[in-house]
Every structure is written in C-alpha cells, then in structure tokens.
Amino acid sequence: PPPPPPPPPPPPPPPPPEKQPTPADGGYVDLETLKSSPPDYVDPSRKEDYLSDADFEAAFKCSRADFKVLKGWKQQNLKKACGLF
C-alpha cells in the first residue's frame with residue numbers, strides 16, 4: 001500500500017489583538033463622542049485626556065498644563081461644564 005499522506009501544516013497563529021488607540025499614540029476622540037458614547041478603551045475618569053490639544057483648549061478654555069495645576073474640585077467643575085463628568 002502507498003504511504004499515508006503527510007499531516008496538514010499547522011494553522012497560522014492568530015493575529016495579535018488589535019491595540020486600542022490611546023492618547024499617547026494619537027488615539028484622540030472628539031468631544032461630542034466622549035460626551036455621548038465614548039469607545040470602550042476610554043477611561044471614564046480621564047475623558048479629557050482623549051481630546052486633541054486643540055479640542056481640549058476649545059472645550060476647557062485653557063491649556064492642559066494650566067488644567068493640570070488646578071485643584072481637583074476645579075478640574076471636576078470644568079469637566080462637568082464640558083459634559084465630561
């Protein structure tokens with residue numbers, strides 16, 4: 001009898017999971033999306049971090065650096081005023 005056929009090659013490895021964008025790699029989300037239905041990867045306590053610099057300054061009327069030095073309660077009040085809290 002003829003020899004048995006060789007076994008099939010193993011399947012290719014699955015693709016790596018898709019990396020979710022973050023602010024560090026330019027994964028910005030616009031203000032309206034953050035307010036209505038933010039993507040799953042957005043940390044709800046830090047929505048402002050997912051705005052581009054231009055959107056951040058338009059929404060908060062200050063730079064990120066100025067925002068970061070504010071007291072926590074002032075940051076929360078600004079986030080509430082923008083609909084991000």
Side-chain angles (χ1 to χ4, degrees):
E18 187 176 321
K19 184 177 182 297
Q20 294 295 342
T22 63
D25 58 23
Y28 296 118
V29 180
D30 67 86
L31 180 62
E32 292 309 311
T33 302
L34 285 173
K35 287 164 59 169
S36 59
S37 56
D40 293 340
Y41 60 86
V42 170
D43 178 346
S45 67
R46 296 178 38 234
K47 290 180 182 176
E48 69 279 4
D49 290 346
Y50 295 85
L51 291 169
S52 68
D53 289 338
D55 286 346
F56 185 96
E57 291 187 16
F60 289 98
K61 310 288 188 260
C62 68
S63 69
R64 285 183 199 277
D66 291 342
F67 182 81
K68 296 287 184 198
V69 298
L70 294 174
K71 301 270 187 211
W73 64 269
K74 286 188 177 183
Q75 289 182 10
Q76 281 191 352
N77 285 349
L78 284 173
K79 289 198 274 188
K80 285 178 185 175
C82 292
L84 293 179
F85 187 79

Original post:
side-chain contact (heavy atoms from CB on, under 4.5 Å) with Leu78: which residues, sequence neighbours excluded?
Top reply: Phe60, Phe67, Leu70
**OP:** Mind checking salt bridge (Lys or Arg N to Asp or Glu O under 4.0 Å) for Asp30 and listing every partner two or more places apart, or none if nothing turns up?
**Re:** none
Original post:
Partners of Lys61 by salt bridge (Lys or Arg N to Asp or Glu O under 4.0 Å), sequence neighbours excluded?
Top reply: none
Subject >> Minimal non-hydrogen separation, Cys82 against Ala59, with atom names >> reply: SG-O, 3.2 Å
**OP:** Sequence neighbours left out, what passes side-chain hydrogen bond (donor to acceptor under 3.5 Å, both in side chains) with Asp43? Give chain and number order.
**Re:** Ser45
Subject >> Nearest heavy atoms of Lys35 and Gly83, plus distance in Å >> reply: CG-O, 3.4 Å
Subject >> Under the side-chain hydrogen bond (donor to acceptor under 3.5 Å, both in side chains) test, residues paired with Asp53 that sit two or more places apart >> reply: Arg64
Subject >> Partner residues of Lys68 under the salt bridge (Lys or Arg N to Asp or Glu O under 4.0 Å) criterion, sequence neighbours left out >> reply: Asp49
**OP:** Kindly compute the distance separating CD (Glu57) from CG (Asp66), expressed to the nearest 0.5 Å.
**Re:** 8.5 Å
Original post:
Taking only residues two or more places apart in sequence, or in another chain, which ones meet Pro39 in a side-chain contact (heavy atoms from CB on, under 4.5 Å)?
Top reply: Val29, Thr33, Tyr41, Val42
**OP:** Indicate the atoms forming the closest heavy-atom contact of Asp55 with Leu51, along with that distance.
**Re:** CB-CD2, 4.0 Å
Original post:
Quick one: salt bridge (Lys or Arg N to Asp or Glu O under 4.0 Å) pairs with a partner in residues 72-85, sequence neighbours left out?
Top reply: Glu48-Lys79
